*Asks:* 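One structure follows; several queries about it will come next.
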Amino acid sequence: MSTFVHPFREGSKDQKDLLGGKGANLAEMTRLGLPVPPGFTITTDACRYVMHHGQNPPELAEQVTAALEDVEQQIDRRFGDREDPLLVSVRSGAAISMPGMMETVLNVGLNDETVQGLAAQSGSERFAQDSYRRLLQMYGATVLGIGASMFEDALEAVREDRGAADDAGLDADALREIVGRYQQIIERETGSPFPQDPREQLRGSISAVFESWNAPRAVIYRNAEHIDHELGTAVNVVAMVFGNLDDRSATGVAFTRDPSTGEHGVYGDFLVGAQGEDVVAGIRNTRSLEELGEVLPDAYQELLRTMDVLEEHYRDLCDIEFTIESGKLWMLQTRVGKRTAAAAFLIATTLVDEGAIDEREALTRVSGAQLTRLMFPRFASGERDVLARGMGASPGAAVGEVVFDSETVIARAQEGRDCLLVRRETNPDDLGGMLAAEGVLTSRGGKTSHAAVVARGLGKTCVCGAESLDVDPKAREIRMGGEVVAREGDVLSIDGATGEVFAGRIPVEPSEVAQYLEGDLAADDPGASALVRSVDRLMRVADEVRRMQVRANADTAADAERARQMGAQGIGLARTEHMFLGERRAQVEKLILAGDPAEREEALAELLPAQREDFAGLLRAMGDLPVTIRLLDPPLHEFLPDLTDLSVRIARAEESGRRIEPHERKVLAAVERLHEQNPMLGLRGVRLGLTIPGLFGMQVRAILEAELEVRADGGDPHVEIMIPLVGSVRELRAIRREIDDVTEEVVAEARAGAGAGAGAGAGEELTTRIGTMIELPRAALRAGEIAEAAEFFSFGTNDLTQTTWGFSRDDVEAGFFFTYKERGILSDSPFESLDQYGVGELVRIAAERGRATNPDLTLGVCGEHGGDPASIHFFHSLGLDYVSCSPFRVPVARLECGRATLLEEGFTPQP
Ligand code: PEP
Ligand code: MG
């Protein structure tokens, strides 16, 4: 029999996969002796069982009953007892935090009888009725699927009737009336009364939490955050403690450091006489945690002590949910807190300075995704008028049209328009709009509001609680002091670091971290900020520890220089196709139209000097670092006019009686001849080299002559020639023969004092290496023999993904891919993050087979995945030698290669 239920005292923080983050940390806090109400966790295994079998595991009911009895004993109350009932909360909690995306039901166990017992025990009829109406509302919406607005409208009606400003102004009598109305709603909408049996309530709540794993907003969130849909959620059943019991009761959230700067201090919000989600929902204006010291001094002191214990234990920023019941502190949740990208770097190095962790561990506490965020532009400095101020909840500079609802944001974003989602407060259903918007602006809620927490998690710029703004989604305008300051469609700019809101469009400039990474700002420059120093420190650690090298994909000398500045250790892919565009297109056309070898030779001879210059530029820019030049890859027709355009042009000309030039006819014939239905699977790469005599030979000659020329000037280039789209060793061998012939010629000419780098000994200096791309499944499978003819492999994971999945890389992301994501079949695009199970398996096979034949084989990656953090960790695990990515992603790759090395040594990654 499997165990699906674990009491808190049995688990630990290292069991997040099984118990979810919330469950694992509740267990950890219980073991630390902190005040956690008794409870138990139903595992993610149970959730996965439900997902796959459509019903609970048979042993679950019995295990839940036993665990509940255990809780009853610990707290000395019985579930369903009329006199003194035990109530429980049923809370979701996945391995990776998904704030606000799944469900929670509080006060489970109340019915028409136990509510009387609760009133008698607590001495407060008001409190008991308040708890009951919350259960009815949450159960009704979450378990029974009744629209939340029905409950809200009923509440609003009673509030108005009684002249109460907010919920706190409702007395016991009013709350009883609300309970009655809610029960009527439930009976009317479902055809049955609210279940009075507490055990039925518990069963229903547990199932609802499991089901909420696949609620649309949860699926969207996982897609956005690249979280596996198979993980499932755990369910925590916890004895209720009440923040709404009396005026010495409260509930709140806190951070052990400022989540946006990492500074030590007291950060958080609380509400007196409130329960659960009231604080984060932003419906009532919260009070700042420091004030708690005045309201409930003893509980406040205990909270501070508890936070110290947690920081000491987790050695990191923790965030906390707590409840105070009649002056007694209870911990309801803790986790290593979500933070901004800047705070992640600052906190990591601060912890090193405080002696809590060493530099290597500090590196594991940051990520490439965070570094990317720090490279985003910020607002240029300068005088300007601030329209309003809120809290800088998630940094960045966002400019966009004001839009008041998520659907419109999504629609406009699809048209390519930049929008700001402007709301009074956001709720979890706004997730789609938050993702599509450039930034989020709210007029209510603090740093822990839904908008702030979710935006930080997504790295989305957010200003919240700009209270001077009167956001009116009905009138679709924002007013200040009664005057309209912006209508829907007007442009605003928001600064998520300072919380400032500006009218109109503010220009942006490169971030300080980008300036540092591009070599325009030194870390020891007196003007460099603490953040730049932190980044510099951790980049150095990454460079010191990492095993894999990082190269860049760069085609021009300018790109190559930028890549070097960013720390690239070579060029892993210089694509040569763009070198054939512009003015040179005419020469390519001549090559394609050549009627005989002489004409072809002439066209090639014209291209040669230009190509030599291209390559010499690249080699000079990279000094003694390796430069991998790939021979021409795309289908030839890309260099010719479009077939339809050309046919139409000629047809029109014929119609109007204009004489058609023979050249035009020749071009049309060539375009027709070269037209392919599936050009990406057609005449490209090595196939082109084998079909057009002399084309690859010309490129090889240009490369070798450039190498000799740079050498003659005192340089020490390391050139690698790479053949694309090879599927068989025979293709590679045929091209190698051509390369050998050209090499012999070039060397002979140099010796004879004819070509570039002329002079004795010139030939011996050539160190050119020849290798191939592995970008077809056949190449991966036949890698053993292909390695006999190659000194290196470079995995072209773009084409390898395309050909393994049979997904067109140019079409799929705009096509049915959306449906695949929506249906939870794929959470990530395999073109962004490597499909480690399928495509990754081919990479593994090729690496193993290639090395078995040729132990000296160098293995690299030059597809887009070379700059993707998750893929980098995978390549590291296969023992590859380097990754190559676009210059802008080189710093991220350096950082992630460092982390990959450390994590392999057993550091646990940050959740
Ligand atoms: C690849 O296919 O991964 C690759 C790097 O080549 P390209 O993107 O130029 O086809
Ligand atoms: Mg390719």
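Side-chain atoms are counted along with the backbone in the values below, which use heavy atoms only and exclude waters and symmetry mates. Just so you know, ligand 1 is whichever comes first in the structure, and atom 1 is the first atom listed for that ligand. If you're wondering where the values come from, they're calculated on a predicted model, not measured in any experiment.
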*Asks:* Within ligand 1, which atoms have a heavy atom of Asp633 less than 4.0 Å away?
*Replies:* 10 (O)
*Asks:* Does Glu589 form a side chain to side chain donor-acceptor pair (under 3.5 Å) with His663? I'd like the steps, not just the answer.
*Replies:* CA-CA 11 Å; Glu589 201 176 278; His663 178 74; 2.9 Å; yes
*Asks:* Among protein heavy atoms, which lies nearest atom 5 (C) of ligand 1, and at what distance?
*Replies:* Cys862 O, 3.4 Å
*Asks:* Can an N or O of Arg630 be found at a distance shorter than 3.5 Å from an N or O of ligand 1?
*Replies:*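 Yes.
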*Asks:* Among side-chain atoms of Asn553 and Ser886, is any donor-acceptor pair under 3.5 angstrom?
*Replies:* no
*Asks:* Is Met773 close enough to touch ligand 1? Criterion: a residue heavy atom under 4.0 Å from a ligand atom.
*Replies:*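 For ligand 1, residue contact (heavy atoms, under 4.0 Å) with Met773 is present.
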*Asks:* With a 4.0 Å cut-off on heavy atoms, does Arg809 reach ligand 1?
*Replies:*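 Yes, Arg809 has a heavy atom closer than 4.0 Å to ligand 1.
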*Asks:* Quick one: do Asp555 and Arg575 make a salt bridge, cutoff under 4.0 Å?
*Replies:* no
*Asks:* What are the atoms of ligand 1, with element, lying closer than 4.0 Å to any heavy atom of Gly796?
*Replies:* 1 (C), 2 (O), 3 (O)
*Asks:* Could you tell me, atom by atom, which parts of ligand 1 come under 4.0 Å of a heavy atom of Leu573?
*Replies:* 5 (C)
*Asks:* Is the Lys NZ or Arg CZ of Arg809 less than 6.0 Å from the centre of Phe831's six-membered ring, within 45° of the axis?
*Replies:* no
*Asks:* With a 4.0 Å cut-off on N to O distance, would you call Glu791 and Arg736 a salt bridge?
*Replies:* yes
*Asks:* Identify, for atom 9 (O) of ligand 1, the protein heavy atom at the shortest distance, and state residue, atom and that distance.
*Replies:* Arg575 NE, 2.7 Å
*Asks:* State whether Asp881 and Arg547 are salt-bridged, where the test is any N-O pair (Lys NZ or Arg NE/NH1/NH2 against Asp/Glu carboxylate O) under 4.0 Å.
*Replies:* no
*Asks:* Out of Asn798, Thr801, Val861, Asn553, who is nearest to atom 1 (C) of ligand 1 when you count heavy atoms only?
*Replies:*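 Shortest heavy-atom distance from atom 1 (C) of ligand 1: Asn798.
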*Asks:* Using the side chain to side chain donor-acceptor pair (under 3.5 Å) rule, take Glu864 and Thr797 through it: C-alpha gap first, then chi angles, then the decisive distance, then the call.
*Replies:* CA-CA 7 Å; Glu864 283 305 301; Thr797 46; over 6 Å; no
*Asks:* Could you identify the N, O or S atom of Asp799 positioned closest to the Mg ion (ligand 2)?
*Replies:*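 In Asp799, the heteroatom (N, O or S) nearest the Mg ion (ligand 2) is OD2.
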*Asks:* Which atom, among the N/O/S set of Glu775, is closest to the Mg ion (ligand 2)?
*Replies:* OE1
*Asks:* Regarding Glu606 and Lys590, does a basic nitrogen lie under 4.0 Å from an acidic carboxylate oxygen?
*Replies:*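 So Glu606 pairs with Lys590 through a salt bridge.
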